[in-house]
Amino acid sequence: MKTHSLYERIYEVIRQIPVGRVATYGQIAAIVGECGARTVGYALAALRSDTSVPWHRVVNRQGKISLRAHGSEGQEQRARLEAEGVTFDSDHRIDLSQFGWVGPKSDWRVAHGMI
DNA sequence: CTGATGACGGTGC
DNA sequence: GGCACCGCCATCA
């Protein structure tokens with residue numbers, strides 16, 4: 001599976017996040033296994049607005065929307081998550097112990113050479 | 001090829 | 001628990 005760039009593979013992992021769940025940048029990086037959390041952030045920053053990647057399900061380690069916050073996109077991310085049942089506390093944070101993604105099944109990783 | 005550009009996270013105080 | 005540093009790395013012009 002080297003037909004796609006590293007960014008493409010990062011997006012592939014993000015597509016595995018189920019509705020109503022969120023993952024952190026570091027978690028995505030750990031699954032892909034060839035980059036740091038920051039690189040995942042860079043990959044998301046490169047996305048277009050018409051992408052099919054559910055980028056809104058990715059938040060930082062604190063369960064907060066990191067995005068160029070304050071902007072309209074931050075509002076959209078929160079709106080999309082709430083529409084999927086994810087709740088935010090008074091500090092705009094998501095309870096990762098409740099909505100955090102457990103990660104892809106091991107057989108998925110094997111199928112994608114990420115094991 | 002060189003330099004600029006970013007959606008982060010761990011550590012130490 | 002918060003804040004300041006620093007490390008990290010693929011893309012693109």
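Predicted, not measured: the structure shown is a model, and the values here were computed from it. Here is how names work: the chains are called A, B, and so on, in the same order as the sequence lines, proteins then strands, and each is numbered from 1.
- Taking atom CD of A:Q75 as the reference point, atom P of B:dA7 lies 17 Å away to the nearest angstrom.
- Separating the CG atom of A:L44 from the P atom of C:dT11 is a distance of 13 Å, rounded to the nearest angstrom.
- Atom CD1 in A:I10 sits about 17 Å away from atom P in C:dC8, given to the nearest Å.
- Between the C1' atom of B:dC8 and the NZ atom of A:K64 lies a distance of 14 Å, rounded to the nearest Å.
- Once rounded to the nearest 0.5 Å, the distance linking CH2 of A:W55 with CD of A:Q77 reads 5.5 Å.
- Minimum atom distance to the side chain of A:L47 is reached by B:dA7, of the listed B:dC8, B:dA7, C:dA10.
- Counting non-hydrogen atoms of other residues, nucleotides and ligands closer than 6.0 Å to CZ of A:R109 gives a total above 12.
- Comparing A:Q62 and A:Y7 against DNA chain B, the residue whose closest nucleotide sits nearer the 5' end is A:Y7.
- As rounded to whole Å, 12 Å separates atom P of B:dG9 from atom OH of A:Y42.
- No N or O donor and acceptor, one from the side chain of A:R38 and one from the base of B:dG6, sit under 3.5 Å apart.
- Rounded to an integer number of Å, the gap from A:I17 CD1 to B:dA7 P is 18 Å.
- Residues A:E76 and A:H56 have side chains not in contact (no heavy-atom distance under 4.5 Å, counting atoms from C-beta outward).
- Side-chain proximity of A:T39 to C:dA10, B:dG9, B:dG6: nearest is C:dA10.
- For the pair A:S66 and B:dC8, the criterion of a side-chain N or O lying under 4.0 Å from OP1 or OP2 is met.
- Rounding to the nearest 0.5 Å gives a distance of 8.5 Å between OG1 of A:T87 and CD of A:E82.
- Between A:L81 and A:F99 the shortest side-chain heavy-atom distance does not fall below 4.5 Å.
- Within the nucleic acid shown, A:G26 comes within 4.0 Å of sugar-phosphate atoms alone, with no base atom in reach, counting heavy atoms only.
- The distance between atom OH of A:Y25 and atom P of B:dC8, rounded to the nearest whole Å, is 6 Å.
- Side-chain nitrogen and oxygen atoms of A:S5 include at least one within less than 4.0 Å of the OP1 or OP2 phosphate oxygen of C:dT11.
- Here the P atom of nucleotide B:dG10 and the CG atom of A:N60 are 11 Å apart, to the nearest Å.
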